[in-house]
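Below is one structure, written out as structure tokens; comments come after it.
Bear in mind that the values here come from a model prediction, so they are computed numbers and not experimental data. Residues: numbered from 1 along the sequence shown. Indexing begins at 1, ligand by ligand and atom by atom, following the structure's order.
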Amino acid sequence: MAATRRLSHTVAVITINHPPVNALSASVRHALVKEFGEASKDPSVKAIVLSGANGKFSAGADIREFSTSALKTISLEDINATIEASRKPVVAAIEGIALGGGFELALACHYRVANAQSRVGLPEVLIGILPAAGGTQRLPRLIGVPAALDVIVQGRHVPATEALQLGILDDVVQGNVVNAAIQLARNVIGRDLAKRRLSTNHVPSNPHMDSFFDTAVDRVKKQYRGARAPIACIEAIRASVQKPYHSGLEKEKQLFASLWASGQPQAQQYAFFSERSVGKWTHPSGGRWDTVAPKPVRTAAVIGLGTMGRGIATSLARANIPVIALEQDAQQLEVGKKTVNGLLEREADKLIKQGLVPDTKLASVRFTLDFAELRDVDFVIEAVYENMALKKEIFHKLSSVCKSDAFLCTNTSGLDIDEIASVTKHPDLVIGTHFFSPANIMRLLEVVRGRHTSLTTIATAMNLGKTLGKVAVLVGNCPLFVGNRLLGPYLEQASYLLEEGCYPEDVDKTLEDFGFAMGPFRMMDLAGLDVGWRSRMEKGLAGNKVPLGTPARQRQGNRYSPLADMLCEMGRFGQKAGKGWYQYEKAGGRFAQPDPWVKDFLQKYRSTHQIKQQPTTPELILEHCLYGLINEGFRVLEDGIASGAEDIDVIYNNGYGWPKYRGGPMYYASTVGLSKVLDVLDGYHKQNPDVPSMKPAFLLKKLVAVGEPPIKEWRTQVGSFVHKL
Ligand code: COA
């Protein structure tokens, strides 16, 4: 049964029951209409309580229904209108979550009571749409425009205590919320409900409302570059001020239809489901990590208190896992201790403000210089700098100090997990955990399995990722793993574009207009150009082994752009040096300005090497940079390094600033058309045979040959290619 009804004295309790999250699918809507109709007619029923089974009120509309005709059968807004018009008082008993349509349903009720751990919100904007069952019209009528705008445009989950302060809830209780709702329902039997019907109320307004909305639109245009849903949300709320309720509802519907036609909701909903399916990777032995029980992580240790280590220690403590943080240098330990404690204090303040303390605890962090203190920990994350010899030395030590079943993880952005594991007694317990900086904020976690990593180790690391609130994606072990590996051709193409006539700001602007949080040159300046330079020197690509400033076209072998190396030779390391691809107001400054020096440098470089300036267009810049990246994505799939296109997309959406409303690079390729991507790559590679990264991948060719199947079927085409598990 999608919804059930029972009688508690004179109160009918209707319970939505549709696991796992009580999404309001067509069957639930039908059941609600039936149960509500019968309760309304029943003369023994004097009031109605609406609740959800299994600790959740409702997660809202069933997202899977959006692209089907099921959505058209019985609209949620019609149900809301019936509830609101009821002459018997209706109380929403909110447990766990009331999100999206679930919250809109609660807003149609005359009263709302929730338990202290619950959250309410309208997160539709995060899946590319807007609340379209009256949410944008009722919420401003309840809490005013500024608060409603904040909740709807950010799509944030509002904790119960804050919701009570905002006036969303009538009461927050510690115990059984349904019993509290029944009690409230009994108390209000016979009261006048007119003021409780939000659709009949006015939205508080003032003469400056229009400019308030205009400013909000400008702000979200900058913040969410190119995303349409936040703007649609603002326009719908604007309508709630300017128009009567029913015209506002019409506006909601029109905005929903135009968003749907833009293609952005489909991309964001693909991203939503991809996040939930990532990493479900069948092991060559036939086993699956996600069917294996993870081991509990009761205590953890972090080795190295640089930027990464501090962020990781903070994440663990925030997830209530006691941490031992180890440094080898006493001074660095003190600095790390101060920073971690500061970060944790800020976290605690946040929780207090949200009313979540003392329910949500922060675990303690103990700081030490002594490896012997790690003897009992369950899970160790090494986060020292990227140096194989140092990492091996540490793993060798850990292997003898830690208990024999401790999991040993390395936070590396590309070193060989198997080589690190080779110095331990139990390589099956070794795994890579590639956090992204700052680790206490960034959601992405690449979990890297080595040749010997056991399924239990994978399950434990993936589960820990979830506990830390990360999106954990399981990837294979290859140089640079998935995210950074795809970045190679992208940055390479960006550099070739400079050789051929572009300037950093042209390339960055095009990619930022596309929706990236940051173009490649601003990103390199932020990360520090010296990081890549040192690694290229170690590989013999940059520095003495390649004569400074010699373009590879004049050398044997593959094309190589020395521009970044030349900048480094001149100390232009990016933001930290106050100059790189851009100039900054000071060393460590953040405001990138185009630098006439760079322009001059590039012009001289082109004339020295007689490189003819090529005409460029934004389209060409996008094709070169993005198709190179996408092509590498197909190779990663061929190699079995990522188990599906969805995994690559989740990595790019959550770790590399790819605009979610474009779904991720592989999804984007499917919307452009794989044959177009193939044609462009093919044409480029024929003209530039010395750029191997642009040689079309076999899998891409195969997918075009079999008629470009939908993205979820790409996995089945990979089969025969997978050779590197
Ligand atoms: N419609 C359809 N399926 C949904 C759903 C929805 N609104 N919300 C969640 N699900 C599914 C998930 O896809 C997942 O399915 P799976 O087990 O087959 O992978 C399952 O419910 C559990 O969701 P998950 O996100 O893994 O659980 P969680 O406990 O971490 O988070 C929520 C629960 C509700 C907070 C989260 O799923 C969420 O934010 N859902 C979307 C809410 C929303 O946007 N509502 C507005 C819809 S218009």
Over all heavy atoms of both residues, which pair between [X] and [Y] is shortest? Give the atoms and the distance, please.
| X | Y | value |
| --- | --- | --- |
| V177 | A93 | O-CB, 4.0 Å |
| A472 | V278 | O-CG2, 3.5 Å |
| V120 | L99 | C-CD2, 4.0 Å |

- Parallel, tilted or perpendicular: which describes the rings of W714 and F634, with under 30° parallel and over 60° perpendicular?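 The rings of W714 and F634 sit tilted, inter-plane angle from 30° to 60°.
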- Message: In terms of relative ring orientation, are Y668 and F514 parallel, tilted or perpendicular, with 30° and 60° separating the classes?
- Response: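 Because their plane-to-plane angle is over 60°, the rings of Y668 and F514 count as perpendicular.
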Check ligand 1 against [X] and write out every atom of the ligand that is under 4.0 Å from a heavy-atom position of the residue.
| X | answer |
| --- | --- |
| I97 | 34 (C) |
| F66 | 48 (S) |
| F273 | 13 (O) |
| E124 | 48 (S) |

Does ligand 1 come near enough to [X] that some N or O of the ligand is less than 3.5 Å from an N or O of the residue?
| X | value |
| --- | --- |
| L99 | no |
| V21 | no |
| A61 | yes |
| R119 | no |

- Compare R276, K466, Q268, R64 and give the one whose heavy atom is closest to atom 18 (O) of ligand 1.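 Looking at heavy atoms only, R64 sits closest to atom 18 (O) of ligand 1.
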- Passing option when F436 is tested against Y656, F481, Y652 for ring-ring contact (aromatic ring centres under 6.0 Å, His included):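 So the option named by the test is Y656.
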- Task: Decide side-chain contact (heavy atoms from CB on, under 4.5 Å) for F66 and Q266; before the verdict, give the C-alpha distance in whole Å, the side-chain angles of both, and the deciding distance to 0.1 Å.
- Result: CA-CA 9 Å; F66 284 142; Q266 293 84 337; over 6 Å; no
- Item | Carboxylate-amine/guanidinium contact R112 D171, below 4.0 Å |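 Salt bridge: no.
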- Query: Mind checking whether G101 has a heavy atom under 4.0 Å from ligand 1?
  - Reply: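 Heavy atoms of G101 never come under 4.0 Å of ligand 1.
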Could you see which bit of [X] sits under 4.0 Å from ligand 1, with heavy atoms only: side chain, backbone, both or neither?
| X | result |
| --- | --- |
| L126 | neither |
| P20 | side chain |
| D62 | both |

- Message: Any donor-acceptor pair under 3.5 Å linking the side-chain atoms of H18 with those of S25?
- Response: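 S25 vs H18: donor-acceptor pair found between side chains.
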